[in-house]
Amino acid sequence: MRIATWNVNSLKVRLPQVLQWLTEQEQAGTPIDALCLQELKLPDDKFPAAELAQVGYRGLYTGQKTYNGVAILARTASLPEPTDTLLNIPGFEDEQRRVVTATYGDLRLVCAYFPNGQSPESDKFVYKLKWLEALTAWLKDELTRHPRLALLGDFNIAPEDRDVHDPAKWEGQNLVSPPERAAFRGLLELGLADAFRRFEQPDKSFTWWDYRMLGFRRNAGLRIDHILLSPALADQCSACVIDRVPRTWEQPSDHTPVVATLAG
DNA sequence: ATGGCGCAACCTTTGCGA
């Protein structure tokens, strides 16, 4: 079982790459069973369900025009119809489409696009922290009902300095600031484990690189896309890798996929 | 040199992302 997350920065633009990546993984004998997408940037009536069905995936999605939008793509050959589906964070009023949740068999998947925050002085940063607080409170409850839960997405938080290409330059800034990192630790304190850090990893491992300044070529990036696993799933996790390949393709998303392998 | 790229939209200029 392999589960993945990828901020595609427009599913309309990136659809060929999503199809290519899923197909290549399938052909390599390491199919992706569930792929969580963020920043669809399209309304529900523009979701490319037919194209995804053609390569073997069913989508569960909540979109909006221009901004945000998230989806879970589930491989029909390996996962049953989703049940117990939820859009956004229950009880948290939000116009923005940032969370989709579903159960596949006994696996609970939460796909989330965390607010960017813009800067610690911004109203958007206040929203980010409130959103994080609501997410954490809801997940605490969710975990009591769903012991096999994974939270995947673009967290817009680099948890530690080793997740930042130039920590001195970034100190205190949006995506790395102390309140954001405290909120990230709040998620870990629910018992969730950062799948990537359960394994030895190369130094300077990142999931996002700025389009500007030759960010990718210089590996000037951040690790802000994560897979957090409940204890039951963490015990079964045998690998977690960042796949840099799609970031090398023509017209790439600025993010690249993260994949976790679960035994059984 | 806090610019620089890419995407979307009330689209040739602006807002936003991270």
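We use all heavy atoms of the structure for the numbers below, so side chains are in, but hydrogens, waters and symmetry mates are not. As the structure is a computational prediction, the values presented were derived from the model and not from experiment. Reminder, nothing fancy here: chain letters follow the sequence lines and each chain counts from 1.
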Participant: May I ask you to say whether A:Asp44 pairs ionically with A:Lys65, meaning some side-chain N is under 4.0 Å from a carboxylate O?
Facilitator: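 Not counted as a salt bridge, because no side-chain N and carboxylate O are separated by less than 4.0 Å.
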Participant: Taking any heavy-atom pair under 4.0 Å as a contact, classify A:Leu214: base, sugar-phosphate, or nothing.
Facilitator: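 Contact class for A:Leu214: none.
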Participant: Would you say a side-chain N or O of A:Gln251 is under 4.0 Å from OP1 or OP2 of B:dC7?
Facilitator: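 A:Gln251 to B:dC7 OP1/OP2: side-chain N or O found under 4.0 Å.
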Participant: Roughly, in whole Å, what's the span from CE in A:Met213 to C1' in B:dG6?
Facilitator: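 Taking CE of A:Met213 and C1' of B:dG6, I get 14 Å after rounding.
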Participant: Using the C1' atom as the point on both nucleotides, what is the distance between B:dG15 and B:dA1, in whole Å?
Facilitator: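 Between the two C1' atoms, the distance is 23 Å.
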Participant: Pick the closest DNA chain B nucleotide for A:Tyr67 and for A:Pro252 by heavy atoms, then say which residue is nearer the 5' end.
Facilitator: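 So the residue in question is A:Pro252.
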Participant: Between B:dC16, B:dG6, B:dC7, which nucleotide has the shortest distance from any of its atoms to the side chain of A:Tyr211?
Facilitator: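 The closest nucleotide is B:dG6.
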Participant: Counting only side-chain nitrogens and oxygens, does A:Gln118 get under 4.0 Å of the OP1 or OP2 atom of B:dG17?
Facilitator: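 Checking B:dG17 against A:Gln118, a side-chain N or O does come within under 4.0 Å of OP1 or OP2.
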Participant: Before accepting this row, confirm whether a basic side-chain N of the pair A:Glu160/A:Arg223 lies closer than 4.0 Å to the acidic partner's carboxylate O.
Facilitator: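 No salt bridge links A:Glu160 with A:Arg223.
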Participant: Checking side-chain polar atoms at under 3.5 Å, does A:Thr23 have a donor or acceptor matched by the opposite partner on A:Glu26?
Facilitator: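 A:Glu26 and A:Thr23 do not have a side-chain donor-acceptor pair below 3.5 Å.
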Participant: Rounded to the nearest angstrom, tell me the gap between atom CD in A:Gln96 and atom P in B:dA8.
Facilitator: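 One finds 18 Å between P of B:dA8 and CD of A:Gln96, rounded.
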Participant: Would you call A:Asp141 and A:Arg145 a salt bridge, taking side-chain N to carboxylate O under 4.0 Å as the test?
Facilitator: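 Counted as a salt bridge, because a side-chain N and a carboxylate O are separated by less than 4.0 Å.
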Participant: Compute the ring centroids of A:Trp21 and A:Trp6, then answer whether they are less than 6.0 Å apart.
Facilitator: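 Ring centroids of A:Trp21 and A:Trp6 are less than 6.0 Å from each other.
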Participant: Looking for any heavy atom pair under 4.0 Å, which part of the strands does A:Lys124 touch: base, sugar-phosphate only, or nothing?
Facilitator: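 Counting heavy atoms under 4.0 Å across all strands, the contact made by A:Lys124 is with sugar-phosphate only.
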Participant: Please give the distance between the P atoms of B:dA18 and B:dA8 as a whole number of Å.
Facilitator: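 It comes out at 14 Å once rounded to the nearest Å.
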Participant: Looking only at atom P, what distance separates B:dG17 and B:dT12, rounded to whole Å?
Facilitator: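 It comes out at 22 Å once rounded to the nearest Å.
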Participant: Taking 4.0 Å as the cut-off, does a side-chain nitrogen or oxygen of A:Asn7 come that near to OP1 or OP2 on B:dA18?
Facilitator: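 Checking B:dA18 against A:Asn7, a side-chain N or O does come within under 4.0 Å of OP1 or OP2.
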Participant: Go through residues 173-186 of chain A and report each residue with a non-hydrogen atom lying under 4.0 Å from DNA chain B, sorted by number.
Facilitator: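 Heavy-atom cutoff 4.0 Å gives A:Leu175.
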Participant: Should A:Arg2 and A:Asp33 count as an ion pair when the cut-off is N to O under 4.0 Å?
Facilitator: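 The answer is no: the pair does not qualify as a salt bridge.
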Participant: Under 3.5 Å, is there a donor-acceptor pair linking the side chains of A:Asn9 and A:Ser253?
Facilitator: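 Checked: A:Asn9/A:Ser253 side chains show no N/O donor-acceptor pair below 3.5 Å.
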Participant: Just checking A:Asn156: base, sugar-phosphate only, or nothing, at a heavy-atom cut-off of under 4.0 Å?
Facilitator: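 It contacts sugar-phosphate atoms only.
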Participant: How far does the P atom of B:dC16 sit from the matching atom of B:dT2, given to the nearest Å?
Facilitator: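 Result for the P pair: 22 Å, nearest Å.
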Participant: Flag yes if more than 12 heavy atoms outside A:Asp45 fall under 6.0 Å of its CG atom; otherwise flag no.
Facilitator: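 Yes, CG of A:Asp45 has more than 12 neighbouring heavy atoms, counting only those of other groups under 6.0 Å.
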Participant: Tell me: CG of A:Asp210 to C1' of B:dC16, nearest whole Å?
Facilitator: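 These atoms are roughly 13 Å apart.
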Participant: Please give, in whole Å, the distance from B:dC5 P to A:Trp208 CH2?
Facilitator: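 Going from A:Trp208 (CH2) to B:dC5 (P), I get 14 Å.
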Participant: May I ask you to evaluate whether A:Ser10 reaches the phosphate of B:dA8, defined as a side-chain N or O under 4.0 Å from OP1 or OP2?
Facilitator: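 The answer is yes; a side-chain N or O of A:Ser10 sits under 4.0 Å from OP1 or OP2.
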Participant: Roughly how far apart, to the nearest Å, are B:dG4 and B:dT13 at atom P?
Facilitator: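 Comparing P positions in B:dG4 and B:dT13 gives a spacing of 15 Å.
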Participant: Hey, does the side chain of A:Asn116 come within less than 4.0 Å of B:dA18's phosphate (OP1/OP2), counting only N and O?
Facilitator: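 Answer is yes, contact under 4.0 Å.
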Participant: Please report the distance separating the C1' of B:dC10 from the corresponding atom of B:dC5, rounded so that it comes out in whole Å.
Facilitator: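 The answer is 24 Å between these two C1' atoms.
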Participant: If the P atom of B:dC11 is compared with that of B:dG6, how far apart are they to the nearest Å?
Facilitator: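 It comes out at 23 Å once rounded to the nearest Å.
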Participant: Heavy atoms only, 4.0 Å cut-off, all strands: where does A:Tyr113 land among base, sugar-phosphate and nothing?
Facilitator: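 Here A:Tyr113 touches the backbone only, sparing every base.
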Participant: Rounded to whole angstrom units, what separation is found between the CD atom of A:Glu121 and the P atom of B:dA18?
Facilitator: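 In whole Å, B:dA18 P and A:Glu121 CD are 18 Å from each other.
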Participant: Rounded to whole angstrom units, what separation is found between the CG atom of A:Asp254 and the C1' atom of B:dC16?
Facilitator: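 Taking atom C1' of B:dC16 as the reference, CG of A:Asp254 is at 12 Å.
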Participant: Using whole Å, what does the distance between atom P of nucleotide B:dC7 and atom CD of A:Gln64 come to?
Facilitator: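 Value for this atom pair: 19 Å.
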Participant: Any salt bridge between A:Arg181 and A:Asp161, counting N to O under 4.0 Å?
Facilitator: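 Yes, A:Arg181 and A:Asp161 are salt-bridged.
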Participant: Side chain of A:Arg14 only, please: which of B:dC7, B:dG17, B:dA18 is the nearest?
Facilitator: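 So the side chain of A:Arg14 is nearest to B:dC7.
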Participant: Could you check whether A:Asp225 gets within reach of a base, just the sugar-phosphate, or nothing at all, counting any heavy atom under 4.0 Å?
Facilitator: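 Nothing, no nucleic acid heavy atom in range.
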Participant: For A:Glu171, does the CD atom sit with more than 12 other heavy atoms under 6.0 Å from it, leaving out its own atoms?
Facilitator: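 Open.
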Participant: Can we say A:Lys130 and A:Asp94 salt-bridge, meaning some charged N sits less than 4.0 Å from an Asp/Glu carboxylate O?
Facilitator: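 No.
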Participant: Counting only side-chain heavy atoms from C-beta out, which of B:dT2, B:dA18, B:dC7 sits nearest to A:Lys169?
Facilitator: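 It is B:dT2.
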Participant: Quick one: A:Arg212 CZ to B:dC16 P, roughly how many Å, whole number?
Facilitator: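 Between P of B:dC16 and CZ of A:Arg212: 15 Å.
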Participant: Please tell me which of A:Ile224 and A:Leu40 maps to the more 5' nucleotide of DNA chain B, matching each residue to the nucleotide holding its nearest heavy atom.
Facilitator: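 The answer here is A:Leu40.
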Participant: Output a table of nitrogen or oxygen pairs between the protein and nucleotides 9-12 of chain B separated by less than 3.5 Å.
Facilitator:
unit_1	atom_1	unit_2	atom_2	d
B:dA9	OP1	A:Thr66	OG1	3.3

Participant: Answer yes or no: does atom CD of A:Gln236 have more than 12 heavy-atom neighbours from other residues, nucleotides or ligands under 6.0 Å?
Facilitator: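 Yes, CD of A:Gln236 has more than 12 neighbouring heavy atoms, counting only those of other groups under 6.0 Å.
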